[in-house]
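One structure is given below, represented as structure tokens, and several questions about it will come after.
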Amino acid sequence: MPELPEVETVRRTLKNFVLQKQIEDIYVHYDKIVEGDTAQFIETLKGQVIHDIDRMGKYLIFKLDNDAFISHLRMEGKYSIETPEVPLQKHQHLTFQFHDGSQLRYHDTRKFGRLKLVNIETYATELPLSKLGPEPKDAILEEVYPKIHKSSLAIKTLLLNQSILAGIGNIYANEICFTMGINPYTPGKKLSKKRVKELLVVATKILDNAIKQGGTTIHSFDANGITGLFQVQLQVHMQKICPTCEQEIIKEMINGRGTYYCKKCQRRKT
DNA sequence: ACGTCCTCCTGTTCGC
DNA sequence: TGCGAACAGGAGGACG
């Protein structure tokens with residue numbers, strides 16, 4: 001499940017392969033992978049050159065001559081660089097054919113990911129990107145603290161809310177709670193301003209560290225067709241034994257999401 | 001305005 | 001053994 005660090009790794013890797021390439025054609029093999037009018041998506045982008053790839057939270061933003069499109073990988077989306085001779089794989093739903101003969105293909109087993117045409121000038125202020133909060137590293141305490149403090153929802157749930165902080169998914173939400181020694185059920189309003197400040201520091205550090213390591217490999221994370229290159233050291237997510245106290249890691253559902261924590265090391269309720 | 005629940009998807013794991 | 005149910009989960013939408 002790509003989160004901010006994994007998407008950032010994809011962005012950096014992809015830039016090495018597709019920048020300055022001109023789109024000759026686009027083949028959509030599963031219509032719903034494109035949000036909105038598929039024919040318009042194809043006709044608009046055809047002939048344009050990819051000049052840059054940006055990222056906001058977990059969204060990739062491909063910038064071309066006159067237009068842009070966003071791509072969200074959701075759970076299992078991945079890109080690969082191929083040539084036309086390679087047979088289309090079962091779950092490859094979209095192909096960008098470049099003028100130089102190479103292809104960029106989008107693969108998504110569960111078909112949850114989406115690509116969407118956006119206005120290159122105004123996309124940041126239009127849905128869905130406009131509702132994203134800041135990434136932890138850019139967050140201003142005075143803006144984030146009130147959003148957490150007014151809520152009685154579990155801090156684990158609030159960490160997953162992209163309008164409060166962008167880029168954190170289930171894996172890193174669990175890791176952040178562990179590092180803070182906080183019980184994931186703790187209501188947001190129980191956290192002091194000082195504690196939220198600490199949360200921003202911890203979240204930034206964990207995400208930065210994961211980016212440095214090239215993203216987390218849980219399933220089969222592909223940046224360019226290569227799998228299993230990176231494996232971040234996870235402290236608590238999907239773990240059985242606490243690395244600190246060696247007690248059993250508990251798994252429970254919070255708001256429908258698998259939540260891993262150590263009852264001994266995460267006793268704080270503030 | 002906010003919280004809760006459902007939906008989208010397929011592959012894997014689990015229980016009877 | 002085999003098969004259906006449960007699970008995995010990010011985000012958008014319906015609903016109260």
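So that the names make sense, note that chain A is the first sequence line, chain B the second, and so on, each numbered from 1.
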Could A/Lys111 and A/Tyr30 be counted as a cation-pi pair, given that NZ or CZ must be under 6.0 Å from the ring centre and within 45° of the axis?
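Yes; both conditions hold, so A/Lys111 lies above the ring face of A/Tyr30.
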So A/Gly258, base contact, sugar-phosphate only, or nothing? Heavy-atom distance under 4.0 Å.
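The answer is sugar-phosphate, as A/Gly258 gets under 4.0 Å only of primed atoms, P, OP1 or OP2.
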Output yes when at least one side-chain N/O atom of A/Ser151 is less than 4.0 Å from OP1 or OP2 of B/dG3, else no.
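Checking B/dG3 against A/Ser151, a side-chain N or O does come within under 4.0 Å of OP1 or OP2.
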Whole Å only: how far is the CG atom of A/Leu129 from the C1' atom of C/dG10?
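Atom-to-atom, A/Leu129 to C/dG10, this comes out as 15 Å.
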Report whether A/Phe96 and A/Leu117 are members of the same hydrophobic cluster (ILVMFWY, side-chain heavy atoms less than 4.5 Å apart, transitive linking).
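Yes; A/Leu117 is reachable from A/Phe96 via cluster members.
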Would you classify A/Lys150 as touching base, sugar-phosphate or nothing, given that sugar-phosphate means primed atoms plus P, OP1 and OP2, and contacts are heavy atoms under 4.0 Å?
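Result for A/Lys150 = sugar-phosphate.
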side-chain contact (heavy atoms from CB on, under 4.5 Å), paired with A/Ile164, selected from A/Leu160, A/Ile168, A/Asn161:
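The side-chain contact (heavy atoms from CB on, under 4.5 Å) with A/Ile164 is passed solely by A/Asn161 among A/Leu160, A/Ile168, A/Asn161.
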Using a cut-off of less than 4.0 Å, is there contact between a side-chain N or O of A/Lys90 and OP1 or OP2 of B/dT10?
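Looking at the OP1 and OP2 atoms of B/dT10, neither is under 4.0 Å from any side-chain N or O of A/Lys90.
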Specify the separation, in whole Å, of atom CZ of A/Arg110 and atom P of B/dT10.
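Rounding to the nearest Å, CZ of A/Arg110 and P of B/dT10 are 10 Å apart.
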Flag the pair A/Asp108 and A/Arg74 as a salt bridge only when some basic side-chain nitrogen lies within less than 4.0 angstrom of an acidic carboxylate oxygen.
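A salt bridge is absent here (no side-chain N lies under 4.0 Å from a carboxylate O).
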Taking the ring of A/Phe178 and the ring of A/Tyr261, is the distance between their centroids below 6.0 Å?
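Ring-ring flag for A/Tyr261/A/Phe178: false, centres at least 6.0 Å apart.
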Atom pair distance, as rounded to whole Å: CG in A/Asn174 and C1' in C/dA8:
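A/Asn174 atom CG is separated from C/dA8 atom C1' by 13 Å.
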Whole-Å distance separating the NE2 atom of A/His93 from the P atom of B/dC8
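After rounding, the gap between these two atoms is 16 Å.
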Round to a whole Å and report the spacing from CD of A/Gln89 to P of B/dG11.
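Taking CD of A/Gln89 and P of B/dG11, I get 13 Å after rounding.
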Assess whether a salt bridge exists between A/Arg55 and A/Glu135, defined as any Lys/Arg side-chain N lying under 4.0 Å from an Asp/Glu carboxylate O.
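A salt bridge is present here (some side-chain N lies under 4.0 Å from a carboxylate O).
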Under 4.0 Å protein heavy-atom contacts per nucleotide of nucleotides 11-16 of chain C, with B for base, S for backbone only and - for none:
BS----
When the ring centroid of A/His93 is compared with that of A/Tyr106, is the distance short of 6.0 Å?
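No, they do not, as the ring centres are separated by 6.0 Å or more.
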Gap between atoms CG and P, on A/Leu158 and B/dC2 respectively (whole Å)
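Going from A/Leu158 (CG) to B/dC2 (P), I get 12 Å.
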A/His91 has an atom NE2; how far is it from atom C1' of B/dT12, in whole Å?
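From A/His91 NE2 to B/dT12 C1': 12 Å.
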Whole Å only: how far is the NZ atom of A/Lys189 from the C1' atom of B/dG3?
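Computing the A/Lys189:NZ to B/dG3:C1' distance gives 13 Å.
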When all nucleic acid strands are considered with a 4.0 Å heavy-atom cut-off, which category describes A/Leu153: base, sugar-phosphate, or nothing?
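Sugar-phosphate only.
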